[in-house]
S.K.: 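Can you keep this structure in mind? I'll have questions shortly.
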2 protein chains.
Amino acid sequence: MPENDKQSLSMVTCTAPVNIAVIKYWGKRDEDLILPINSSLSVTLHQDQLKTTTTVACSRNFQQDRIWLNGKGEDISNPRLQSCLQEIRRFSRKRRNTGDSTSDVSGVSHKVHICSVNNFPTAAGLASSASGYAFAIKILFGVENEQLSAVARQGSGSACRSLYGGFVQWKLGEQLDGKDSLAEQVESESYWPELRVLILVVSAEQKSVGSTSGMHTSVETSQLLKYRADVVVPSRMEEMIRVIRERDFPAFGELTMKDSNQFHAICLDTYPPIFYLNNMSHRIISLVHRYNQYYGETRVAYTFDAGPNAVIYTLQDHLPEFVQVVRHFFPLEVSGEEFVKGLPVCSADLSEELKRDINMEPTPKGIRYIISTKAGPGPCVMKDPNHHLLGADGLPKKSVISD
Amino acid sequence: MPENDKQSLSMVTCTAPVNIAVIKYWGKRDEDLILPINSSLSVTLHQDQLKTTTTVACSRNFQQDRIWLNGKGEDISNPRLQSCLQEIRRFSRKRRNTGDSTSDVSGVSHKVHICSVNNFPTAAGLASSASGYAFAIKILFGVENEQLSAVARQGSGSACRSLYGGFVQWKLGEQLDGKDSLAEQVESESYWPELRVLILVVSAEQKSVGSTSGMHTSVETSQLLKYRADVVVPSRMEEMIRVIRERDFPAFGELTMKDSNQFHAICLDTYPPIFYLNNMSHRIISLVHRYNQYYGETRVAYTFDAGPNAVIYTLQDHLPEFVQVVRHFFPLEVSGEEFVKGLPVCSADLSEELKRDINMEPTPKGIRYIISTKAGPGPCVMKDPNHHLLGADGLPKKSVISD
């Protein structure tokens with residue numbers, strides 16, 4: 001174990017990114033193993049803007065497994081978390097039994113403390129922490145890379161795609177035990193440096209159906225979902241990988257938008273229907289299409305997950321103008337507030353012709369703020385013990401706790 | 001020709017109903033003949049609440065074809081209208097050529113004047129006039145029943161279902177020329193007298209994509225549409241006919257909701273996506289599911305066409321309570337306004353438990369008003385010449401004209 005062994009306390013801290021799918025995961029073929037009904041593909045976002053920091057500690061002195069998320073103690077009996085822990089213990093035990101001793105796995109029977117914080121507000125609607133646990137646990141217990149996807153999946157299916165940087169596919173796999181249902185890097189984060197990402201955080205509304213129960217209901221009730229998974233997605237995966245390798249933005253953008261729309265179509269075909277897009281999402285979609293229409297090419301693409309916030313993909317060159325378009329059509333009521341967070345965006349002027357052609361009524365305060373980012377690397381281990389979120393007593397440091 | 005022949009003026013007036021599909025028509029396999037990619041099924045609504053009155057006149061003295069809709073002169077060069085007229089002339093000519101003389105078809109080469117008015121506001125979003133033209137033209141020119149669907153289809157595909165009362169299917173047909181793509185009555189309007197219909201007219205928003213261009217784009221771009229048409233709808237048509245014949249409301253309601261949702265899912269899978277449902281539609285959908293959930297059975301069902309207004313199907317017994325539920329969750333800002341138009345609805349009390357279980361924030365003024373109606377008969381000829389909308393000069397009567 002890495003350190004603190006005089007107190008029989010082992011501790012690892014790592015950071016993990018968020019990923020945004022361009023070919024969506026929706027539906028499990030096995031709810032225990034968390035195996036999907038179709039392959040999916042995402043872009044890992046840069047941790048300078050969006051990251052989860054996770055410290056995992058284990059000690060023979062811990063009385064029970066405990067977890068703190070964003071400064072608040074959470075119920076460890078959460079089934080997701082339990083199966084994540086169970087999975088890791090299973091792998092580690094197996095390694096011990098097979099006599100593999102490259103890693104010290106004596107901690108396996110010990111209780112663990114997990115502490116995880118996001119550097120972005122919950123309002124951004126970006127789930128991610130499971131990849132953080134998985135990676136920290138891997139380091140702590142020495143799980144093999146091939147087993148990492150299985151551990152991360154137990155936390156949240158799509159989290160396995162956050163185990164790598166850049167462009168990552170989560171392959172469907174064929175085996176019943178899910179051993180080949182793995183995340184795999186398609187291209188690294190440096191492959192397409194011109195690609196930029198904006199998260200448009202829209203004004204909060206009531207919470208919709210969670211993605212776990214939503215996709216369960218879709219599998220049970222949507223007649224269109226099976227066709228999507230069996231017929232539509234396989235060819236879209238091939239096409240998506242090709243257009244990423246060719247850095248063909250118009251094709252990448254169009255396919256991204258179509259797949260987002262189809263995912264939300266499946267949600268509507270679910271019974272009872274699930275709505276993640278609201279009127280503001282519709283307006284953003286409309287704005288993107290009108291903007292592209294103006295230029296006669298796909299310069300900007302949207303994608304939406306299980307919520308109303310838009311994620312925009314575009315190229316560096318088109319970023320300043322498009323951000324200005326968003327500012328114009330979704331003006332802040334109070335000027336001077338920080339509208340764009342994250343990577344700086346140059347200012348740009350809009351032509352009267354563009355504004356006229358888009359021909360939409362501005363919606364004041366429709367968008368709360370924008371997070372500006374790009375593709376980034378996978379999880380990282382923090383070497384400096386000052387970064388640990390847990391103290392030597394195994395409890396969250398004061399700076400981590402919120403009320 | 002029926003009358004006025006001393007002035008060589010023939011005139012017929014008839015009324016035609018609106019229909020609301022429970023298995024939706026979306027997509028044409030032939031855009032000239034207006035042949036659908038799937039069968040559809042609708043309920044014809046009662047003309048006491050919703051009807052279109054159409055007068056068609058023809059005279060050798062008319063210089064050109066002319067049309068007035070809801071009191072305003074419209075462009076006769078409208079391609080829909082032109083092909084409707086062309087179709088009728090084609091059929092009539094053919095009858096003359098084959099020596100059929102059961103009807104006087106001498107007016108066929110004459111110009112026609114058409115005048116049509118709805119007894120319901122445009123805000124209700126119910127298209128219908130094409131069945132009115134078709135029926136009046138049939139009477140005037142003596143078109144065969146089998147050809148009537150073809151004529152009505154030229155005005156608007158789904159209009160052919162308004163040629164009959166009660167429960168009407170529009171069969172897909174197999175022939176290339178569309179001769180077997182016909183409307184057919186499944187059961188008459190008296191078959192299921194307990195069935196009631198409410199139209200919830202929601203607050204107006206910007207206009208969305210028209211259904212003609214919308215379905216064209218869906219056929220061109222939605223990968224899910226073909227699967228719906230080929231695989232999903234055929235079995236749903238069989239099931240829908242069966243549950244109507246069995247007067248099985250829970251099954252009828254569930255299938256109606258599922259098919260409405262799937263139609264809107266296809267709209268979302270279209271590229272660019274088409275949105276007809278807005279936040280208020282989502283709230284109505286949510287309310288219906290929560291209401292049914294409370295009773296543990298489907299007592300109320302929604303369906304939405306190419307707009308945000310909901311059409312509700314329910315049984316007589318559940319009507320008063322559900323209307324009261326709508327009043328409670330979508331309160332009028334100014335009380336005393338007429339909220340329910342059409343067939344009277346008894347008042348009802350809501351239990352606190354029901355209101356609590358539905359657990360939604362009321363949305364003031366979310367619904368403008370309700371039209372209460374039921375299934376009704378097909379088109380009727382008006383015998384009394386006082387009902388003609390056109391005068392002896394072939395121009396709209398003063399009472400018909402609006403500014």
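A note on names: the letters A, B, ... follow the listed sequences, proteins ahead of strands, and every chain is numbered from 1.
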S.K.: Would you call A:Leu200 and A:Ile312 a side-chain contact if the rule is heavy atoms closer than 4.5 Å?
M.R.: yes

S.K.: Is B:Lys24 salt-bridged to B:Asp305, going by a charged N under 4.0 Å from an acidic O?
M.R.: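 Between B:Asp305 and B:Lys24 there is a salt bridge, with a charged N closer than 4.0 Å to a carboxylate O.
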
S.K.: Do the rings of B:Tyr295 and B:Tyr291 sit parallel, tilted or perpendicular, given the 30° and 60° boundaries?
M.R.: perpendicular

S.K.: Among A:His282, A:Gln223, A:Met257, which has the most heavy-atom pairs under 4.5 Å with chain B?
M.R.: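 Highest number of heavy-atom pairs under 4.5 Å: A:His282.
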
S.K.: Checking heavy atoms, do the side chain of A:Arg236, its backbone, both or neither come under 4.5 Å from chain B?
M.R.: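 The side chain, not the backbone.
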
S.K.: Would you mind checking which part of A:His264 comes under 4.5 Å of any heavy atom in chain B, side chain (CB onward), backbone (N, CA, C, O), both or neither?
M.R.: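 Both parts, backbone and side chain.
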
S.K.: Would you mind checking which part of A:Glu254 comes under 4.5 Å of any heavy atom in chain B, side chain (CB onward), backbone (N, CA, C, O), both or neither?
M.R.: both

S.K.: Just by distance, no angles: are the side chains of A:Arg161 and A:Ser40 close enough, under 3.5 Å, to form a donor-acceptor pair?
M.R.: yes

S.K.: If I measure from the heavy atoms of chain A, does B:Ile285 come under 4.5 Å with its side chain, its backbone, both, or neither?
M.R.: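 Just its side chain gets close to chain A.
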
S.K.: Go through the atoms of B:Thr270 and report whether side chain, backbone, both or neither lie under 4.5 Å from a heavy atom of chain A.
M.R.: backbone

S.K.: Quick check for you: among A:Ser286, A:Pro273, A:Cys267, A:Ser260, which has the greatest number of heavy-atom pairs under 4.5 Å with chain B?
M.R.: A:Pro273

S.K.: If the threshold is 4.0 Å, N to carboxylate O, is there a salt bridge linking A:Glu353 and A:Lys355?
M.R.: no

S.K.: Using 4.0 Å as the upper bound for N to carboxylate O, is an ion pair formed by B:Arg228 and B:Asp259?
M.R.: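 Between B:Arg228 and B:Asp259 there is a salt bridge, with a charged N closer than 4.0 Å to a carboxylate O.
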
